[in-house]
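Every chain is numbered from 1 and lettered A, B, ... according to where its sequence line falls, protein lines coming before strand lines. The figures here come from the full heavy-atom set of this structure, side chains too, leaving out hydrogens, waters and symmetry mates.
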Protein chains: 2
Amino acid sequence: MLSNLYEFTLMTSNKKYVIDIDLDYENIVQKIEHFLGKFLLEIYGNCSAVFDGRIKSTLGLGDRLLIIKIDQTILLHELRSLKPINWQLPGVGKLEFKLINSGENKQDIKQTNNYLLELYTFRPKTNESFTVVFENIYSLRAITGRENSEINIEGNEADMQSYLVQNPSLIEDDIKIINREYNTPIGKIDLIGKDKNGKTVLIELKKSLITPADAFQIVRYREIIMKIWNKPENIRSMIIGSKISEKLYFYLKEHEIEFKEIKWNEIFPSIPRKKKKKLNDFFSKNT
Amino acid sequence: MLSNLYEFTLMTSNKKYVIDIDLDYENIVQKIEHFLGKFLLEIYGNCSAVFDGRIKSTLGLGDRLLIIKIDQTILLHELRSLKPINWQLPGVGKLEFKLINSGENKQDIKQTNNYLLELYTFRPKTNESFTVVFENIYSLRAITGRENSEINIEGNEADMQSYLVQNPSLIEDDIKIINREYNTPIGKIDLIGKDKNGKTVLIELKKSLITPADAFQIVRYREIIMKIWNKPENIRSMIIGSKISEKLYFYLKEHEIEFKEIKWNEIFPSIPRKKKKKLNDFFSKNT
DNA sequence: GCCTAGGTCCCGTTG
DNA sequence: CAACGGGGCCTAGGC
């Protein structure tokens, strides 16, 4: 595939998987389109942008890094902050690049700053358009590579649930877990237990801080189970988490919802800082 | 500042704001550290990674783009998808880069693939560490620019609230808005109105789809207001949104919560696709 | 496709 | 600082 790149004026590169594209504007749109969908594209330059859809966002001129991934994901990043300042998800069909002559009098097309490079996309599913206009491009490159990534995640809520099923005494003495992900008309109850007095315990799990929405949720589950099972005196409700605000704690108490504190990060601790455990240790332990 | 870059072997670049750093591993750590905090750094190569904190995530070898922003935000991006596969937020102190000799016999330090470049960070606030190890680096560059960005966002929930305060008849005839963001012990009520019969109307606003948590929130508000004000017969509750599932609609009905459909995207429409309105039009309209 | 809920949610605002 | 709620939330899983 690389063989036919040189129908354009591309900068040769001795870097594996990275192709710098020269900034002469001649055929720049075709050059870009050549890489779309096959390479990750990076355009760094001075641009403005408009997103119009779920909200309207207009972005004044600034130096930003536009990344167009292989799957059409578009990210417009500033020099600070985690989230892109603008973005668009895949599903925009063919990306529409266009070169616009901004100068009064027509000049050499190789002169970058007389031309604007516009990217326009439209995503029918959400009725959203996104436009980026580059007044100046400082760098343009395409990168590719092997995508054989593999991620392993431990310590999410599903893990916590499994752990508590294995160790129910962490919840309370002599409780038995009789259901996981129990289906109700309004959603799933994380765990259902039977306590030592034979009462049913509805349990909602949260890894960390309990939010008001979490508290409401378990109240609502209690409501629906009482209605379905029609045995209110035999039902307890409990929310498990590592932290709760005082206000919410009393709210739960009023509604006869118990709060059980389980500090998940003590059960599932991070590797201590002092040990400075390194990547190799981690991998060798796991294999 | 650029003047003293050439104490290292950097590639000269004719591109404004973009500096390619050569991949000889001699002094590579110092080269990188030279740019940290002042430039956005991009390292593209074959790497593995471990994040350890709120969860543990281990990432096998793959070609990924590591971005280190000026504010210490770290993003590890794959060639697809919006979100980085791993990341870390600012607050990690000095980033710890280290060059590790991986080969059995010591070889020329300029040979990339006998050395591993490791980045280790630790974020005390959340007790999270993040380690990336590059087995191969294909490209290393630093970019900088002007950060005078300005974003203008319209059409969020706050805008909707203001719009309804100005145009209460959209909610119903002869209603008067008497409160915004009314504080209760369990949260803020978006709007409180007085209807034509003198009844109080508690109003919860949602831009789009009503979620179960939204529905339950307004039920709780009703509860708390009834308790505080002690005038249940004079209180109505309403949730405003552009969409609701049938299930939730009946849930609300059972709890005497009214649902008022207001299609926000009709009040605040997107620029139609057909017109293909461009950035310039948008800006000239707004100025 | 809708619905539901988790997330290393992030992020801004308020008290 | 914690707490609270919005977000163009995104994303994965179930039905």
Under the side-chain contact (heavy atoms from CB on, under 4.5 Å) criterion, do A:Ile171 and A:Ile240 qualify, and how do the steps go? CA-CA 8 Å; A:Ile171 302 169; A:Ile240 294 177; 3.8 Å; yes
Proximal nucleotide (of D:dG5, D:dC4, C:dA5) relative to the B:Tyr221 side chain: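 That would be D:dG5.
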Which one, D:dG6, C:dC3, C:dG1, comes nearest to the side chain of A:Lys125?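 That would be C:dG1.
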Expressed in angstrom and rounded to an integer, what is the separation of [X] atom [atom1] from [N] atom [atom2]?
X        : N      : atom1 : atom2 : value
A:Leu209 : D:dG5  : CG    : C1'   : 12 Å
A:Ile189 : C:dA5  : CD1   : C1'   : 14 Å
B:Ile186 : C:dG15 : CD1   : P     : 17 Å
B:Tyr249 : C:dC3  : OH    : P     : 15 Å

[M] and [N], which share atom name [atom1], separated by this distance in whole Å:
N     : M     : atom1 : answer
D:dG5 : C:dT8 : P     : 22 Å
C:dG6 : D:dG7 : C1'   : 15 Å
D:dG6 : C:dG7 : C1'   : 15 Å

Secondary-structure notation, DNA chain D, from Watson-Crick and G-U pairs under 3.5 angstrom (| other strand): |||||||.|||||||
Checking [Y] against [X]: is there a side-chain donor and acceptor pair closer than 3.5 Å?
X        : Y        : result
A:Arg180 : A:Ser162 : yes
B:Asn86  : B:Ser57  : yes
A:Lys69  : B:His77  : yes

Report yes or no: is the cationic atom of B:Lys56 (NZ for Lys, CZ for Arg) under 6.0 Å from the centre of the six-membered ring of A:Phe268, at an angle within 45° of the ring normal?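 Yes - B:Lys56 lies over the ring of A:Phe268, closer than 6.0 Å to its centre and within 45° of its axis.
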Regarding A:Arg220 and the six-membered ring of B:Tyr251, is the cationic atom NZ or CZ under 6.0 Å from the ring centre and inside 45° of its axis?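 Cation-pi check for A:Arg220 and B:Tyr251: passes.
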Counting primed atoms plus P, OP1 and OP2 as sugar-phosphate and everything else as base, spell out the protein contacts along nucleotides 7-15 of chain D at 4.0 Å heavy-atom distance: B, S or - for each nucleotide, 5' to 3'. SBSSS--S-
Which is true for B:Glu181 with a 4.0 Å heavy-atom rule: it touches a base, it touches only sugar-phosphate, or it touches nothing?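 Nothing, no nucleic acid heavy atom in range.
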Hey, which of these two, B:Glu246 or A:Asp190, hits DNA chain C nearer its 5' end, going by closest nucleotide?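 On the 5' side of the pair lies B:Glu246.
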Ring pair (Phe, Tyr, Trp, His ring centres under 6.0 Å) filter on B:Phe259, not counting sequence neighbours, yields none
Donor-acceptor under 3.5 Å (A:Asp190 side chain, A:Leu205 main chain): yes
